[in-house]
Each structure stands twice: as C-alpha cells, then as structure tokens.
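Treat the numbers as computed from the prediction; the structure is a model and nothing was measured.
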Amino acid sequence: KVIEFIDKDVRLHFCREEEVLFPVLEKHLGTEKSPTRLLLDDHREIWQVFAQLQGKLAELQSGDCQSNEATAEQIQEISSRVGHLLNDHIKKENESLLPLAKGLLNEAELKEFSDKWKLVSLETGSPVKV
C-alpha cells in the first residue's frame, strides 16, 4: 500500500507542483532565485531513492538476493530514507512554499492555480524523471 501511495498519490502531487505551482511562482520570482529549484531537487532525490526501494523489493520477491535478511534490512533503511525525505519536503512546502505562494499570488492567480491543479493527472502531466 505504501509503494502504491508513493507511486500514485505522491507522484501526482509532485506532477501538479511541477506543472502548475512552480511555473506560476517562477513568473513572480524568476527561476534562479525561486525555491522551486530546491523542491525539484527534492523530487529527483525522492524518485532516485524510491527507485532503489523498488529495486530491492523486486530483488527480494524474485529470490535473487544472497540473503533475504540482509535485503530486508536494506529495504527498511531505504524506506526510512524515503520517509525522511518526504517529511522534509512536506515541511518545506508548509513552512516556506505555501506561505510564499499565498503572499505572491493575487485572487485571480489563486483561482487559476486551483482550477489547473484539479485538471492535472498523471496521464496529462510530466513529472521530473530520474
């Protein structure tokens, strides 16, 4: 369930940020000084670690690992890292990005952002690739 949540819900959330929120913020801040660069780096790192997790899970399920116990331990460590990365990312969003967006965007921009956010799906968006 956790893998499915990350692969669908977190991926959709990141896609929406990348396709809708970040561009509107960058209109106000430019790209170089925008905190969106840092958050995009977070997205890339999370997907890299998530890919490692999926690889280890596949290894465990296929029986191709030398030690199930060692692989399970690695899965636990990688899972913990994904959790920490997501928590840190959410903290950045809540403490910096969202207050910044509320302060920069006028009512019309907020409405447009909200409408576009709802339209983006994993099929229509293009999240950052690893």
Side-chain angles (χ1 to χ4, degrees):
K1 287 183 180 187
V2 171
I3 297 296
E4 184 178 330
F5 169 76
I6 293 170
D7 202 32
K8 291 184 180 173
D9 296 328
V10 172
R11 190 173 303 276
L12 177 59
H13 178 82
F14 284 2
C15 183
R16 286 174 168 164
E17 285 181 343
E18 294 166 15
E19 296 293 321
V20 180
L21 180 58
F22 294 176
V24 75
L25 289 176
E26 289 170 355
K27 281 183 190 176
H28 289 273
L29 302 169
T31 55
E32 288 187 31
K33 293 186 178 181
S34 176
T36 59
R37 301 296 99 196
L38 177 63
L39 294 169
L40 281 169
D41 289 344
D42 284 357
H43 290 186
R44 285 185 193 95
E45 184 177 9
I46 289 166
W47 292 131
Q48 288 170 347
V49 176
F50 182 66
Q52 291 173 359
L53 177 61
Q54 289 177 307
K56 284 294 174 186
L57 285 169
E59 189 179 307
L60 184 65
Q61 290 170 341
S62 72
D64 287 344
C65 49
Q66 291 181 355
S67 164
N68 285 352
E69 188 174 312
T71 303
E73 200 171 295
Q74 290 172 336
I75 289 169
Q76 186 174 3
E77 290 170 9
I78 296 168
S79 297
S80 178
R81 184 154 182 239
V82 170
H84 288 295
L85 289 169
L86 283 171
N87 282 333
D88 288 346
H89 184 76
I90 291 166
K91 185 177 179 181
K92 289 174 192 171
E93 289 176 344
N94 290 337
E95 294 179 2
S96 299
L97 187 69
L98 297 178
L100 179 65
K102 288 178 183 177
L104 284 176
L105 306 180
N106 62 40
E107 281 191 43
E109 289 172 313
L110 285 170
K111 168 109 174 72
E112 181 182 347
F113 159 76
S114 177
D115 292 343
K116 285 182 180 179
W117 183 273
K118 294 172 190 169
L119 294 175
V120 173
S121 69
L122 288 175
E123 289 78 34
T124 62
S126 55
V128 167
K129 303 291 184 215
V130 179

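The pair Lys111-Asp115 counts as a salt bridge, with a side-chain nitrogen and a carboxylate oxygen less than 4.0 angstrom apart. Glu59 has a carboxylate O that lies under 4.0 Å from a charged side-chain N of Lys56, or vice versa, which qualifies the two as a salt bridge. The pair Asp41-Arg44 counts as a salt bridge, with a side-chain nitrogen and a carboxylate oxygen less than 4.0 angstrom apart.
Hydrophobic clustering, with ILVMFWY side chains joined whenever heavy atoms are under 4.5 angstrom apart, groups Phe113 together with Leu104. The same ILVMFWY cluster, assembled from side-chain heavy atoms under 4.5 Å apart, contains both Ile3 and Leu86. Both Trp117 and Leu105 are part of a single hydrophobic cluster, where members link through side-chain heavy atoms under 4.5 Å apart. Both Leu110 and Leu21 sit in one connected hydrophobic cluster of ILVMFWY residues. Membership requires side-chain heavy atoms under 4.5 Å apart, directly or through other members.
Atom NE2 of His28 is surrounded by more than 12 heavy atoms from other residues, nucleotides or ligands within 6.0 Å. By the 6.0 Å contact criterion, NZ on Lys116 is open, its count of non-hydrogen atoms from other residues, nucleotides or ligands being 12 or less. Heavy atoms of other residues, nucleotides or ligands lying less than 6.0 angstrom from CD of Gln76 number 12 at most.
The distance from the CG atom of Asn68 to the CD1 atom of Ile75 is 9.0 Å, given to the nearest 0.5 Å. The distance from the CG atom of Leu12 to the CD atom of Glu17 is 10.5 Å, given to the nearest 0.5 Å. Taken from OG1 in Thr36 to CG in Leu100, the straight-line distance is 9.5 Å, to the nearest 0.5 Å. Taken from CD1 in Ile6 to CD1 in Ile46, the straight-line distance is 9.0 Å, to the nearest 0.5 Å. With rounding to the nearest 0.5 angstrom, the CG atom of Leu53 is 11.5 Å from the CZ atom of Arg81. Here CG of Leu39 is found 8.0 Å from OG of Ser96. Values are rounded to the nearest 0.5 Å.
Side-chain contact between Asp7 and Phe50: present, with at least one pair of heavy atoms (C-beta onward) separated by less than 4.5 Å. Side-chain atoms of Leu29 and Pro35, non-hydrogen and from C-beta on, do get closer than 4.5 Å to each other. Annotation: side chain of Leu97 is in contact with side chain of Leu25 (closest heavy-atom distance under 4.5 Å). In this structure, the side chains of Trp47 and Leu85 stay at 4.5 Å or more apart for every pair of heavy atoms.
Of all non-hydrogen atoms in Ser34 and Glu26, the two that sit nearest each other are OG-CG, 3.8 Å. Nearest approach of Val49 to Ile78, heavy atoms of both residues: O-CG2, 3.5 Å. Residues Lys118 and Arg16 share a closest heavy-atom pair of O-NH2, 4.0 Å. When all heavy atoms are compared, the tightest approach of His89 to Asp42 is ND1-OD2, 3.0 Å. Taking each heavy atom of Val120 and Cys15 in turn, the nearest pair found is CG1-SG, 3.8 Å.
Taking the six-membered ring where the residue is Trp, His43 and Phe22 present parallel rings, their angle staying beneath 30° rather than reaching 60°.
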